[in-house]
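Here's the structure, in structure tokens; my notes come after.
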Amino acid sequence: KSAGKATWRMYQAERDASREMVNRLTWNERIQQALENDGLVLYFQGIYEAATREVAHLEALVRMKDPNNPGQIIPPGHFIPHAEKSGKILDIDRWVIRKAISMLAEHPSMPSVAVNISGRSFDETSLPEYIRTQLEEAHVEPARLMVELTETAAVSDMRDAQRFIEALRNTGCTVCLDDFGAGFSSFAYLKHLKAHVLKIDGLFIRDLPRDHDSQIFVKGMASIARDMGKQTVAEFVEDEETLRMLVEFGVDMVQGYYLDKPSPDHPAIHGLMRSSHA
Ligand code: C2E
Ligand code: MG
Ligand code: MG
Ligand code: MG
């Protein structure tokens, strides 16, 4: 009886594994097709100076056109995890870099663009060189490109991350630690990872006016960052009260649905730099 059970379990596990492989293959094919057939789109969300509410940067957020439903858009949460598993993320990250740089070249009054780089790219020692070449060929100032790295990814190999950030800094780009505070031992990162900007994770911002602990953390992070000569961004700013509190705490920049939602045709692409809440 127990042997029968074991056999059944093995069969079940094999079925699960093969089903997952089919799903993964499907996603890989979709991603490959998107890369080859203009199936990816960049949306942009403003990163605003907290005090003046003027656009300081635009964050590029990738989406996929749904091949089965024309006009429908697939959010990155659906395909990035598959792309990270298969390694296709390296191609997506390069596509995003190329696209962002070509838009910067095309729109001289566009503010600097922040691109997200997966932690999978940290051992891609050729990526900083790739960025440098793309910027040079397009005649775009490196200062117009910001690179966001997720802190949770950085922790997995501190030495790789350290080297990667150093190489990125040498290209003249701005380096931002994304989702800051969401991982573990954030203060060790601060010591070793020489980023210019810290983006405080939305977890601390979402409920700021009502969450006393979050207020203490955010105030503390803003003050430490300032003393270290780094700038801060708060993401997930959804109302005026939160925005005012962030100004009071000395957070430099803000981003969130209160200011704008990501869109493929953001007004700041064409040089319009004020938010409607200014
Ligand atoms: P992230 O870089 O932390 O981006 C912030 C996410 O929060 C975005 O979701 C954005 O649309 C959303 N968001 C912005 N403001 C608000 C707000 O006020 N409230 C709420 N609830 N959400 C807000 P999105 O575009 O779905 O991206 C999710 C994640 O996918 C990103 O998190 C980033 O880690 C990843 N991602 C996006 N684009 C790329 C890319 O080009 N390459 C890589 N490697 N990852 C990307
Ligand atoms: Mg980001
Ligand atoms: Mg973030
Ligand atoms: Mg986040």
Side-chain angles (χ1 to χ4, degrees), residues 31 34-35 39-48 50 55-65 73-103 112-124 127 130-131 145-154 161 164 168 173-183 195-209 232-243 246 251 253-264 266 275 277:
I31 291 165
L35 282 161
L40 297 176
V41 203
L42 282 190
Y43 276 46
F44 293 93
Q45 187 179 33
I47 300 175
Y48 297 81
V55 179
H57 314 275
L58 284 177
E59 179 171 9
L61 296 156
V62 74
R63 276 106 182 80
M64 191 188 278
K65 296 177 196 163
I73 288 294
I74 306 172
H78 284 60
F79 60 92
I80 296 273
H82 297 283
E84 286 189 325
K85 244 186 216 172
S86 68
K88 278 268 174 275
I89 190 67
L90 303 179
D91 297 320
I92 294 180
D93 284 352
R94 283 178 190 234
W95 181 88
V96 171
I97 289 163
R98 275 198 312 278
K99 182 73 185 171
I101 290 174
S102 84
M103 289 187 70
S112 82
V113 172
V115 293
N116 291 278
I117 296 291
S118 160
R120 279 287 303 250
S121 293
F122 288 2
D123 45 14
E124 271 273 293
L127 196 70
Y130 182 79
I131 292 175
L145 193 71
M146 176 147 87
V147 178
E148 296 192 4
L149 310 165
T150 58
E151 184 215 18
T152 33
F164 190 74
L168 279 177
C173 297
T174 307
V175 179
C176 170
L177 288 186
D178 201 355
D179 302 331
F180 187 76
H196 303 94
V197 182
L198 302 182
K199 191 182 280 192
I200 302 168
D201 194 74
L203 180 76
F204 300 103
I205 310 300
R206 243 179 348 219
D207 211 26
L208 192 70
T232 43
V233 181
E235 58 174 10
F236 283 47
V237 176
E238 294 187 348
D239 53 48
E240 178 69 30
E241 202 183 349
T242 305
L243 176 44
L246 291 165
V251 171
M253 290 173 274
V254 290
Q255 178 179 10
Y257 292 166
Y258 181 60
L259 295 134
D260 62 30
K261 289 207 168 163
S263 82
H266 196 287
S275 109
H277 290 289

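We count ligands from 1, going down the list as the structure has it; atoms in each ligand are counted the same way.
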Pair Tyr258, Thr242 - check side-chain contact (heavy atoms from CB on, under 4.5 Å), show working. CA-CA 10 Å; Tyr258 181 60; Thr242 305; over 6 Å; no

Arg63 to Tyr43, cation-pi by 6.0 Å centre distance and 45° axis angle: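 Judged by the rule (NZ or CZ under 6.0 Å from the ring centre, within 45° of its axis), Arg63 counts as positioned above Tyr43.
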
Taking Asp260 for the side chain and Gly46 for the main chain, is one N or O donor matched with an acceptor at less than 3.5 Å?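 The answer is yes, because a donor-acceptor pair under 3.5 Å joins these two groups.
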
Using atom types as modelled and distance alone, determine if a side-chain donor or acceptor of His266 lies under 3.5 Å from a backbone N or O of Gln45.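 Such a contact is absent between His266 side chain and Gln45 backbone.
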
To 10 degrees, how wide is the angle OE1 (Glu148) to the Mg ion (ligand 2) to OD2 (Asp178)?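 Approximately 90° at the metal, rounded to tens of degrees.
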
I need the contact type for [X] against ligand 1. Using non-hydrogen atoms and a strict under-4.0 Å cut-off, is it side chain, backbone, both or neither?
X	result
Val96	side chain
Val115	neither
Glu235	side chain
Ile92	neither
Lys261	neither
Lys199	neither

In terms of heavy-atom contacts, does NZ of Lys99 have more than 12 from other residues, nucleotides or ligands at under 6.0 Å?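 No, NZ of Lys99 has 12 or fewer neighbouring heavy atoms, counting only those of other groups under 6.0 Å.
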
Heavy-atom side-chain contact between [X] and [Y] under 4.5 Å:
X	Y	value
Thr174	Ser112	no
Trp95	Val62	yes
Met146	Ile47	yes

List ligand 1 atoms under 4.0 Å from [X], heavy atoms only on the residue side.
X	result
Pro262	11 (O)
Gln45	14 (C), 15 (N)
Val62	38 (N), 39 (C), 40 (C), 41 (O)
Gly256	15 (N), 18 (O)

Heteroatom distance test (Glu238, ligand 1): nitrogen or oxygen, under 3.5 angstrom: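 By distance alone, the answer is yes.
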
For ligand 1, which is the ligand I care about here, please tell me if Ile89 has any N or O atom under 3.5 Å from one of the ligand's N or O atoms.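 No: no nitrogen or oxygen of Ile89 is under 3.5 Å from one in ligand 1.
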
Heavy-atom distance to atom 7 (O) of ligand 1: which of Phe236, Tyr43, Trp95 wins?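 Ranked by closest heavy atom to atom 7 (O) of ligand 1, first place is Phe236.
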
Counting heavy atoms only, which of Pro76, Gly202, Cys176 is nearest atom 29 (C) of ligand 1?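 When every heavy atom of Pro76, Gly202, Cys176 is considered, Pro76 comes closest to atom 29 (C) of ligand 1.
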
N, O or S atom within Glu59 nearest to the Mg ion (ligand 2), by name: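 Nearest N/O/S atom: OE2.
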
Gap between atom CG of Leu246 and atom CD of Glu241 - 0.5 Å precision: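 Output value for this atom pair is 11.0 Å.
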
Please lay out, stage by stage, how Phe236 and Ile200 fare under the test side-chain contact (heavy atoms from CB on, under 4.5 Å). CA-CA 9 Å; Phe236 283 47; Ile200 302 168; over 6 Å; no

Only one of Arg94, Arg98, Glu124 forms a side-chain hydrogen bond (donor to acceptor under 3.5 Å, both in side chains) with Tyr130, so which one is it?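 So the option named by the test is Arg98.
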
Compute the minimum heavy-atom distance from Gln255 to ligand 1 and say whether it is under 4.0 Å.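 False for this residue.
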
